[in-house]
Number of protein chains: 2
Amino acid sequence: METRKISQAVIRRLPRYYRYLGELLEDGVERISSNDLSKRMKLTASQIRQDLNNFGGFGQQGYGYNVKYLHTEIGKILGLENKHNFIIVGAGNLGQALANYSHFENQGFILKGIFDVNPTLRGMSIRDVPVRMMSEMKDFIKENNIEIAVLTIPKECAIDVAKDLVDAGIQAIWNFAHVDLNVPDNVIVESVHLSESLMRLSYNISRYNEDHADK
Amino acid sequence: METRKISQAVIRRLPRYYRYLGELLEDGVERISSNDLSKRMKLTASQIRQDLNNFGGFGQQGYGYNVKYLHTEIGKILGLENKHNFIIVGAGNLGQALANYSHFENQGFILKGIFDVNPTLRGMSIRDVPVRMMSEMKDFIKENNIEIAVLTIPKECAIDVAKDLVDAGIQAIWNFAHVDLNVPDNVIVESVHLSESLMRLSYNISRYNEDHADK
DNA sequence: TAGATTGTTAATCGATTAACAATC
DNA sequence: TAGATTGTTAATCGATTAACAATC
């Protein structure tokens with residue numbers, strides 16, 4: 001199978017296509033043209049067609065795209081038909097919030113364990129998943145076929161823990177710590193830097209206020 | 001003052017520069033060249049100089065950049081010297097987690113209120129901030145000089161609540177709901193779509209597995 | 001002064017948009 | 001068949017990289 005290089009820009013848009021198609025599906029819309037979709041998503045029709053054609057010709061001339069089919073196909077591209085076992089590392093506020101967020105299960109992500117260094121959390125469970133001690137983590141990963149670790153710990157220890165995760169053979173890390181992790185090429189990292197997002201918000205407020213300063 | 005158009009790509013990198021400079025500052029590094037910084041951040045030196053020169057000449061030939069000065073200046077550009085009052089709308093798991101996250105205070109974001117529709121949450125407080133009923137929200141925004149609303153509610157009600165926020169004169173929305181908000185031009189929206197981030201992770205796992213399938 | 005490194009212009013690369021022939 | 005809309009090639013636009021004169 002020929003492997004074309006897909007740009008980051010396209011990959012970033014894929015989940016958004018998936019979301020919009022899911023909404024259309026819920027609304028009972030059977031088919032949609034790139035032009036109609038472009039208006040909803042505030043993109044150009046051209047860009048949508050280009051993006052999709054990176055992965056194949058999902059449409060039909062004169063008809064457009066079948067919503068259900070395209071939704072399913074993008075789901076496949078995103079790997080959502082696969083099940084992924086994951087653990088949460090760091091049972092603080094954010095870790096607990098993500099553990100409680102059962103919605104991920106619908107997308108094939110199955111919470112298998114929660115880990116923390118704090119011994120007072122021992123015995124606690126979230127959605128029937130017990131909090132375990134960090135010292136048990138490596139063995140747990142190996143024995144329970146864990147693919148993904150969600151890292152919700154302070155940045156100070158994130159790099160060391162990431163190293164442990166890599167040693168244990170983790171395949172991917174969803175990183176919420178405020179550091180950039182340097183891991184081997186065979187480990188996938190997707191970071192969510194909340195404070196950077198908030199700074200962009202702050203930047204835009206400043207710019208807006210500057211532009212509208214009355215003087 | 002001349003307003004140059006700053007590209008989204010540059011804005012996205014700004015907080016990351018700020019973070020790296022903060023780390024250098026903590027480590028006691030006084031000055032750094034674009035070349036050294038580029039190696040740490042895995043960018044090109046050229047890109048760093050281009051990015052910074054969108055905002056002014058912060059460096060000195062033959063010397064490089066003064067870490068403390070540059071850190072401060074980027075902080076100003078990001079608007080971090082300003083204080084921003086904010087409220088959290090939706091006191092579920094994520095809302096509570098963000099309310100507990102006191103780190104935002106350091107960056108000038110001050111939690112003034114938490115709102116929810118659920119009456120059983122009435123009387124609860126997080127870091128001395130009481131949970132109030134959604135019906136009080138509009139007046140509270142107007143009376144307490146609230147600039148930012150953090151939206152951590154299900155997507156079903158997000159659009160309606162966003163409308164209320166706009167009506168109450170909110171300046172910016174940090175949106176965690178799984179919808180794209182359509183608000184007037186004078187309201188700033190910064191979205192964090194966690195499920196889309198997770199899908200990109202999933203995509204990368206699939207791509208990796210495909211490339212390494214033994215056949 | 002000589003060496004280092006910026007600020008900035010020019011060249012390249014990649015992504016987005018436009019156009020249109022193919023085709024349902 | 002005529003109309004609609006895709007898939008795809010070509011044109012444009014913007015962002016990144018390279019190069020180098022200016023200068024500390």
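Order of the sequence lines sets the chain letters (A, B, ...), proteins ahead of strands, with each chain counted from 1.
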Aromatic B/Tyr17 / basic B/Arg19 pairing, under 6.0 angstrom, 45° off normal: no
Check DNA chain C against residues 35-50 of chain A and give the residues with a non-hydrogen atom under 4.0 Å, in numerical order.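 Contacting residues: A/Thr44, A/Ser46, A/Gln47, A/Arg49, A/Gln50.
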Counting only non-hydrogen atoms, which of residues 8-16 of chain A are less than 4.0 Å from DNA chain C?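 Close to the strand are A/Ala9, A/Arg13.
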Give me the first and last nucleotide of DNA chain D, going 5' to 3', that has any atom under 4.0 Å from a heavy atom of chain B.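 Listing 5' to 3', DNA chain D meets chain B from D/dA15 to D/dC24.
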Find the bend of the helix from C/dG3-D/dC24 to C/dC24-D/dG3 as the angle between its two terminal axes (five pairs each), to the nearest 10°.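 Terminal axis comparison yields 20°.
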Partner residues of A/Val166 under the side-chain contact (heavy atoms from CB on, under 4.5 Å) criterion, sequence neighbours left out: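 Residues passing side-chain contact (heavy atoms from CB on, under 4.5 Å) with A/Val166: A/Val183, A/Pro184, A/Val187.
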Salt bridge (charged side-chain N to carboxylate O under 4.0 Å, His left out) with [X]: which residues, sequence neighbours excluded?
X        : result
B/Lys163 : none
B/Lys76  : B/Glu73
A/Glu105 : A/Arg127
B/Arg16  : A/Asp180

Taking ring pair (Phe, Tyr, Trp, His ring centres under 6.0 Å) as the definition, give me every residue that meets it alongside B/Tyr63, ordered by chain and number, with sequence neighbours left out. none
Should the pair A/His193 and A/His178 be assigned to parallel (<30°), tilted (30 to 60°) or perpendicular (>60°) ring geometry? perpendicular
What residues from residues 60-72 of chain B pass a heavy-atom cutoff of under 4.0 Å to DNA chain D? B/Gln60, B/Gln61, B/Gly62
To the nearest 0.5 Å, how far apart are CD1 in B/Ile170 and CD1 in B/Ile188?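 Between atom CD1 of B/Ile170 and atom CD1 of B/Ile188 there are 11.0 Å.
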Is there a side-chain contact (heavy atoms from CB on, under 4.5 Å) between A/Gln171 and B/Ile205 once you walk through the steps? CA-CA 8 Å; A/Gln171 200 179 359; B/Ile205 291 176; 3.9 Å; yes
Are any non-hydrogen side-chain atoms of B/Leu194 and A/Tyr101 less than 4.5 angstrom apart?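 The answer is no, as the side chains (C-beta and beyond) never meet within the 4.5 Å cut-off.
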Just checking B/Trp174 against B/Phe109, ring centres under 6.0 Å apart? no
Working note: B/Asn186 + A/Tyr208, criterion side chain to side chain donor-acceptor pair (under 3.5 Å); need CA distance, chi angles, decisive distance, verdict. CA-CA 8 Å; B/Asn186 60 334; A/Tyr208 182 88; 4.5 Å; no
Which atom pairs, donor and acceptor, lie under 3.5 Å between side-chain atoms of residues 145-154 of chain B and protein residues at least two apart or in another chain?
{"from": "B/Glu147", "atom 1": "OE1", "to": "B/His84", "atom 2": "ND1", "distance (Å)": "2.9"}
{"from": "B/Thr152", "atom 1": "OG1", "to": "B/Val89", "atom 2": "O", "distance (Å)": "3.2"}
{"from": "B/Thr152", "atom 1": "OG1", "to": "B/Gly90", "atom 2": "O", "distance (Å)": "2.7"}

I'd like to know whether A/Gln60 forms a side-chain contact (heavy atoms from CB on, under 4.5 Å) with A/Tyr65, so could you lay out the CA-CA distance, the side-chain angles of the two residues, the decisive distance to 0.1 Å, and finally the verdict. CA-CA 6 Å; A/Gln60 198 169 71; A/Tyr65 298 88; over 6 Å; no
